[in-house]
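The chains referred to below are lettered A, B, ... by the order of the sequence lines, with proteins before strands, and numbering in each begins at 1.
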Amino acid sequence: VTASAAPVLRAPRPSSLADVLEVILDKGIVIDAYIRVSVVGIELLTIDARIVIASVDTYLRFAEAVNRIDLNPRDQVAGLPGMVRGMTEGGAKSKTKGALNGVKETASELVDYVRGDDDSDDGGRRLERGRSDEPERRAPNGRRPPVGRGVRD
Amino acid sequence: MPLHLYCVVRSDHPVRRRLDGVGDPPGPIDIVRSGELGVAASPVPEAAELTNADAVRHFDVLVDMLSDGPILPLRFGTTAPDAAAVINEVLQPAAVLYTKQLDALDGLVELRVTVVGRELDELAAVAAEHPEFRGRSADVGELDERIALGEAIGAELTRRRQERSELIIERMRPHCVSIQDQSNDDPITSRVAALVQMDQLSRVDSAATQLFNDLGAGYECEYIGPIPAADFVDIAPPRGHTDGAWGWTADDEPAGNWGWQH
């Protein structure tokens with residue numbers, strides 16, 4: 001316990017309605033014999049709040065966001081959360097440096113890929129896609145171009 | 001007049017009337033009693049529709065009643081045609097069970113910690129740790145590749161979230177009877193529920209304060225309670241006594257059924 005610790009204000013109820021509803025709708029005794037008053041609209045709201053997360057749109061947003069973060073490496077460093085367990089400042093710096101190198105390399109490879117893609121026929125593309133995942137993910141430092149080698153092989 | 005039901009309580013539970021009930025106009029909250037048990041209820045108009053404000057009011061009533069002793073919440077939206085129905089159809093079928101559950105919950109409350117990261121910060125951290133996610137052709141790549149990349153990033157966000165949940169649990173566990181990670185599929189939000197003895201509240205508060213300080217300004221922390229310990233008791237409907245699915249068969253129930261092991 002440090003002297004700087006400010007008193008925590010415990011709130012009597014969640015700030016979001018969805019969290020309130022989760023407590024009073026998901027939990028508690030259910031008596032079958034009784035009419036449920038029309039809470040249908042409210043229930044839908046809680047369900048909606050949960051579905052949204054794991055959607056294709058979300059994944060595309062993640063992919064695009066990480067791509068954009070590359071273009072602003074300084075923001076990236078500033079934006080790192082203050083406390084990550086076990087991560088020292090030195091560690092974070094070296095990781096960031098590696099990241100910058102990675103960007104350059106991958107970007108030049110990307111140009112190759114785009115050029116190559118213009119020439120390739122449909123058969124080649126299908127091959128690329130089928131092969132892209134495995135080797136690329138395991139390659140150190142992400143230097144493997146997304147799909148280029150699939151064509152050359 | 002129909003009654004809106006809030007929770008099962010002991011019959012000697014005080015009626016404070018600090019809050020009105022749900023509905024428009026709101027009615028006063030009373031306890032319908034039978035033997036050692038009672039149900040907190042307030043009159044509502046026929047064919048009443050419950051609103052978001054009623055949901056909040058219902059929650060507040062539960063929390064208010066919890067301050068005077070153990071309660072077993074009834075699900076929001078439960079109504080009874082009259083007081084006799086409350087006694088015959090709510091209390092009498094499961095009186096022994098409710099009495100045991102109230103005894104088991106006496107002096108215990110639930111606290112919740114929610115820690116929400118900033119999505120951009122979390123994504124930046126993932127990008128820094130995983131060079132292979134960067135510089136991939138998010139604009140020109142095939143759709144399924146972009147989706148796969150997003151999924152992989154989502155999995156990393158989730159891993160980071162799990163680490164935060166573990167940190168929260170590690171810090172609070174020494175002062176709790178039980179604690180569990182209740183995070184859903186939101187990859188930047190940790191949700192932890194803790195079962196705590198009332199007389200340990202200040203210790204948990206200290207642990208939470210320290211935790212939030214350590215997490216820093218990059219995380220939005222919400223600390224809620226005391227609320228009814230609904231997450232730690234299987235308050236199943238009293239139908240199907242024979243199936244034993246909720247472990248409350250007749251006279252003997254091992255303590256483990258409560259799931260309170262440390």
Q: Could you tell me whether the side chain of R75(B) and the main chain of L25(A) form a donor-acceptor pair under 3.5 Å?
A: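 Looks like yes, one N/O pair under 3.5 Å.
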Q: For A55(B) versus I24(A), what's the shortest heavy-atom pair and its separation?
A: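 That would be O-CD1, 3.4 Å.
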Q: Measure across P187(B) and F62(A) and return the closest heavy-atom pair with its distance rounded to 0.1 Å.
A: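 Heavy atoms of P187(B) and F62(A) come nearest at CG-CZ, 4.0 Å.
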Q: Could you measure the distance from the OG1 atom of T209(B) to the CZ atom of R10(A)? Nearest 0.5 Å is fine.
A: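 Here the interatomic distance stands at 9.5 Å.
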Q: Looking at side-chain heavy atoms only, is the closest gap between V23(A) and R112(B) below 4.5 Å?
A: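 A side-chain contact under 4.5 Å exists here.
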Q: In plain terms, say whether E64(A) and R146(B) are close enough for a salt bridge, that is, a side-chain N and a carboxylate O under 4.0 Å apart.
A: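 No, this pair does not count.
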Q: Drop me the distance from I29(A)'s CD1 to T78(B)'s OG1, to the nearest 0.5 angstrom.
A: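 Between I29(A) CD1 and T78(B) OG1, I get 9.0 Å after rounding to 0.5 Å.
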Q: Between V56(B) and chain A, with a heavy-atom cut-off of 4.5 Å, which part of the residue counts as in contact: side chain, backbone, both or neither?
A: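 V56(B) touches chain A through backbone and side-chain heavy atoms alike.
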Q: Within a reach of under 6.0 Å around CZ of R203(B), are more than 12 heavy atoms found that belong to other residues, nucleotides or ligands?
A: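 It does not: R203(B) CZ has 12 such atoms or fewer within range.
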Q: If I take atom OG1 from residue T58(A) and atom CD1 from residue I153(B), how far apart are they, to the nearest 0.5 angstrom?
A: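 Between atom OG1 of T58(A) and atom CD1 of I153(B) there are 12.0 Å.
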Q: Let me know if L74(B) has heavy atoms under 4.5 Å from chain A in its side chain, its backbone, both or neither.
A: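 The answer is both parts of L74(B).
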Q: Go through the atoms of E110(B) and report whether side chain, backbone, both or neither lie under 4.5 Å from a heavy atom of chain A.
A: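 Looking at E110(B), nothing touches chain A.
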Q: G150(B) and A63(A): which non-hydrogen atoms are nearest, and at how many Å?
A: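 Heavy atoms of G150(B) and A63(A) come nearest at N-CB, 4.0 Å.
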Q: Please report the interatomic distance CD1(I224(B)) to CG(D19(A)), rounded to the nearest 0.5 Å.
A: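 The distance works out to 8.0 Å.
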Q: Between G154(B), G117(B), G225(B), which residue shows the highest count of heavy-atom pairs closer than 4.5 Å to chain A?
A: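 Ranked by contacts with chain A, first place is G225(B).
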Q: Sort P228(B) into side chain, backbone, both or neither according to what part of it lies under 4.5 angstrom from a heavy atom of chain A.
A: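 Contact with chain A is absent: no heavy atom of P228(B) under 4.5 Å.
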Q: Heavy-atom distance under 4.5 Å to chain A: side chain of D54(B), backbone, both or neither?
A: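 Interface part for D54(B): neither.
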Q: Which value, rounded to the nearest 0.5 Å, describes the distance between N67(A) atom CG and F133(B) atom CZ?
A: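 So the CG of N67(A) and the CZ of F133(B) are separated by 13.0 Å.
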Q: Assess whether atom CD of E151(B) is packed by more than 12 heavy atoms of other residues, nucleotides or ligands within 6.0 Å.
A: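 More than 12 heavy atoms, drawn from other residues, nucleotides or ligands, come within 6.0 Å of this atom.
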Q: Using non-hydrogen atoms and a 4.5 Å limit, figure out which bit of R191(B) sits close to chain A: side chain, backbone, both or neither.
A: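 R191(B) touches chain A through side-chain heavy atoms alone.
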Q: Between E222(B) and P14(A) (side chain of the first, backbone of the second, donor and acceptor by atom type, cut-off under 3.5 Å), is there such a pair?
A: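 Side chain of E222(B) to backbone of P14(A): no pair is present.
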Q: Minimum heavy-atom separation for A65(A) and L123(B), please, with both atom names.
A: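 Looks like CB-CD1, 3.4 Å.
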Q: Report the distance from atom CG of L143(B) to atom CG of L60(A), rounding to the nearest 0.5 Å.
A: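 Output value for this atom pair is 6.0 Å.
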